[in-house]
Amino acid sequence: FVAGDIHRQKVLWDDGTEVCVNRGESDWTVAGHVLPQYGFLARKGDWFVVVERQGQNYAESARGESGWFCDARTASLGSVRRVFAQPSVENVVYQGGNTFTYDCVWQVTKPHRLPWRVFVHFMNEKDEDSGRISFQGDHDPQVPTDQWEAGMTVRTACKVEVPADAKGRYNFLIGLYNGERGRATLDGMQFGGDRILAGTLEVERDANGITGVRFTLERSAEKPEVPPTNLPGTMLDFGFAKTDGACRIVPVEGGLDVVPLPQSPAFGMTLRLAGLAGGKVPQVKSVSAVPLDEAVQPTPFAFRQAEGEVTIAHDPAMFAYRIRW
């Protein structure tokens, strides 16, 4: 426990391997790396793996026997689905019959530029294991998600028809979905299936039918519980490379193989050859791209070399890049 702080844990092995883990809420700087809560640094000689903070952004990188890895936490499939907003429910009013109204309210913490539709699931507690949805109330938000800005509150008036045989307590679940991307990852109390538990809805009835509904807010839904990611396009400097995506860099005879994280969207990357080629700055002769389609042969790919740096732009249709000098 560094300086007696049980949240700053350091382990040192007799072969020189060192691991530092930050379990506290405040940042911890170790060997020039700023470790946020749950960040860590493991190192031995020139080998390392680190999850750190760079300014307001989060970064992952590693170097080992097989090469290098860096991730700007923008290009993974999970971060493409990340929406920095939290839903809640207000003003639940029973309208008589089988109908009630409410306001679906979104608190937006970062801007967003992709289209999503709101889905609302009502799930009886006895159906949680099967995943069966009792009824639902999907809708479009009052302000489209691709126009959301940081600090915005988006309020949408909604009306829900409750099944005539509904009775008892239902989990009130809210999320976002898109036909191409699936469901978004949101802030709030995680329920499973990328859904946020806004609260519970009690459907009351007597012998003649439904008599009312009662909503109970999920208080703990105010605390985000998902790993932090960065906005698309955030360019981070890892020393051996600069990128707004994620890739593995493998040294081979006469060059490097670069493999982007699977299912990554387009991103840019600049490789610093002196750090990747043993201190030398070789002249790159060619870059070829290996398509995702194994039936298609590798093809020449555009690149730019200047002052010891090679820059290429990842095409999502490509699996890997072969850089040769």
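When reading the values below, keep in mind they use all heavy atoms of this one structure, side chains included, and skip hydrogens, waters and symmetry mates. Please read these numbers as outputs of a predicted model, since none were measured by experiment.
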Item to check | Residues that Tyr321 engages under ring pair (Phe, Tyr, Trp, His ring centres under 6.0 Å), provided they are two or more places apart | outcome: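 If we apply the ring pair (Phe, Tyr, Trp, His ring centres under 6.0 Å) test to Tyr321, skipping adjacent residues, the hits are Phe301, His314.
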
Item to check | Residues which pass salt bridge (Lys or Arg N to Asp or Glu O under 4.0 Å) with Glu18, listed by chain and number, not counting sequence neighbours | outcome: Lys10, Arg43

Which distance, rounded to the nearest 0.5 Å, do you find between the [atom1] of [X] and the [atom2] of [Y]?
{"X": "Lys285", "Y": "Arg324", "atom1": "NZ", "atom2": "CZ", "value": "12.0 Å"}
{"X": "Ile133", "Y": "Phe122", "atom1": "CD1", "atom2": "CZ", "value": "11.0 Å"}
{"X": "Glu204", "Y": "Thr211", "atom1": "CD", "atom2": "OG1", "value": "5.5 Å"}
{"X": "Ile196", "Y": "His121", "atom1": "CD1", "atom2": "NE2", "value": "13.0 Å"}
{"X": "Thr311", "Y": "Leu271", "atom1": "OG1", "atom2": "CG", "value": "7.5 Å"}
{"X": "Cys158", "Y": "Asp140", "atom1": "SG", "atom2": "CG", "value": "10.0 Å"}

Please check if the number of heavy atoms outside [X] that lie under 6.0 Å from its [atom1] is greater than 12.
{"X": "Arg248", "atom1": "CZ", "value": "no"}
{"X": "Arg322", "atom1": "CZ", "value": "no"}
{"X": "Arg113", "atom1": "CZ", "value": "yes"}

Quick one, [X] and [Y] - any side-chain contact, counting heavy atoms below 4.5 Å?
{"X": "Thr153", "Y": "Val105", "answer": "yes"}
{"X": "Arg272", "Y": "Asp237", "answer": "yes"}
{"X": "Thr243", "Y": "Cys70", "answer": "yes"}
{"X": "Trp325", "Y": "Leu256", "answer": "yes"}
{"X": "Glu65", "Y": "Trp47", "answer": "yes"}
{"X": "Met152", "Y": "Gln147", "answer": "no"}
{"X": "Pro115", "Y": "Asn178", "answer": "yes"}
{"X": "Val160", "Y": "Phe135", "answer": "yes"}

Checklist entry - Any chance the side chains of Thr270 and Glu309 put a donor and an acceptor closer than 3.5 Å? => result no

At their closest point, which heavy atom of [X] faces which heavy atom of [Y], and how far apart are they?
{"X": "Ala274", "Y": "Val281", "result": "CB-CG2, 4.1 Å"}
{"X": "Leu236", "Y": "Ala59", "result": "CD1-CB, 3.7 Å"}
{"X": "Asp103", "Y": "Ala157", "result": "OD1-CA, 3.7 Å"}
{"X": "Ile174", "Y": "Pro87", "result": "CG2-CB, 3.8 Å"}
{"X": "Phe191", "Y": "Met123", "result": "CE2-SD, 4.2 Å"}
{"X": "Pro260", "Y": "Phe319", "result": "CD-O, 3.3 Å"}

Would [X] and [Y] show up in the same hydrophobic cluster when neighbours are defined by side-chain heavy atoms closer than 4.5 Å?
{"X": "Leu12", "Y": "Val19", "result": "no"}
{"X": "Phe303", "Y": "Met269", "result": "yes"}
{"X": "Val284", "Y": "Val258", "result": "yes"}
{"X": "Met318", "Y": "Val310", "result": "yes"}
{"X": "Ile312", "Y": "Val259", "result": "no"}

Item to check | Connected-component partners of Phe119 among ILVMFWY, side-chain separation under 4.5 Å | outcome: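 Noted: Phe119 shares its cluster with Tyr177.
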
Checklist entry - Should side-chain heavy atoms under 4.5 Å link Ile, Leu, Val, Met, Phe, Trp and Tyr, which residues sit in the same cluster as Ile6? => result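 Phe1, listed by chain and number.
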
Next on the checklist: Walk me through whether Gln305 and Leu273 qualify under side-chain contact (heavy atoms from CB on, under 4.5 Å).
Outcome noted: CA-CA 10 Å; Gln305 180 171 3; Leu273 296 182; 3.6 Å; yes

Checklist entry - So, Phe100 versus Phe215, ring centres under 6.0 angstrom or not? => result no

Checklist entry - Going through the distances and angles, do Arg117 and Asp138 end up as a salt bridge (charged side-chain N to carboxylate O under 4.0 Å, His left out)? => result CA-CA 8 Å; Arg117 180 171 168 81; Asp138 300 358; 5.1 Å; no

Checklist entry - Does the side-chain contact (heavy atoms from CB on, under 4.5 Å) test come out yes or no for Arg183 and Arg195, once each step is laid out? => result CA-CA 8 Å; Arg183 295 178 180 178; Arg195 296 174 294 184; 3.8 Å; yes

Side-chain polar contacts of residues 26-41 - donor-acceptor pairs under 3.5 angstrom, sequence neighbours left out - could you list them?
{"from": "Asp27", "atom 1": "OD1", "to": "Arg53", "atom 2": "NH2", "distance (Å)": "3.0"}
{"from": "Asp27", "atom 1": "OD2", "to": "Arg53", "atom 2": "NE", "distance (Å)": "3.1"}
{"from": "His33", "atom 1": "ND1", "to": "Glu52", "atom 2": "OE1", "distance (Å)": "2.9"}

Checklist entry - How are the rings of Phe48 and Phe240 set to each other: parallel, tilted or perpendicular (split at 30° and 60°)? => result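 Ring orientation, 0 to 90° scale: tilted.
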
Checklist entry - What residues, two or more places apart in sequence or in another chain, satisfy side chain to side chain contact (heavy atoms under 4.5 Å, CB included) together with Arg205? => result Lys167, Ile210

Between [X] (side chain only) and [Y] (backbone N and O only), is there a donor and an acceptor less than 3.5 Å apart?
{"X": "Asn124", "Y": "Gly168", "result": "no"}
{"X": "Arg73", "Y": "Gly245", "result": "no"}
{"X": "Asp244", "Y": "Gly268", "result": "yes"}
{"X": "Thr109", "Y": "Phe84", "result": "yes"}
{"X": "Ser288", "Y": "Pro298", "result": "no"}
{"X": "Asp15", "Y": "Thr17", "result": "yes"}
{"X": "Asp293", "Y": "Ala295", "result": "yes"}
{"X": "Thr145", "Y": "Leu114", "result": "yes"}

Next on the checklist: Closer than 4.0 angstrom, basic N to acidic O: yes or no for Lys110 and Asp187?
Outcome noted: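 Asp187 and Lys110: not salt-bridged.
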
Next on the checklist: Walk me through whether Trp106 and Val143 qualify under side-chain contact (heavy atoms from CB on, under 4.5 Å).
Outcome noted: CA-CA 10 Å; Trp106 293 85; Val143 178; over 6 Å; no

Checklist entry - Should Leu176 and Val118 be marked as a side-chain contact (heavy atoms from CB on, under 4.5 Å) after you check the CA-CA gap, both sets of side-chain angles, and the distance that decides it? => result CA-CA 5 Å; Leu176 297 175; Val118 179; 3.7 Å; yes

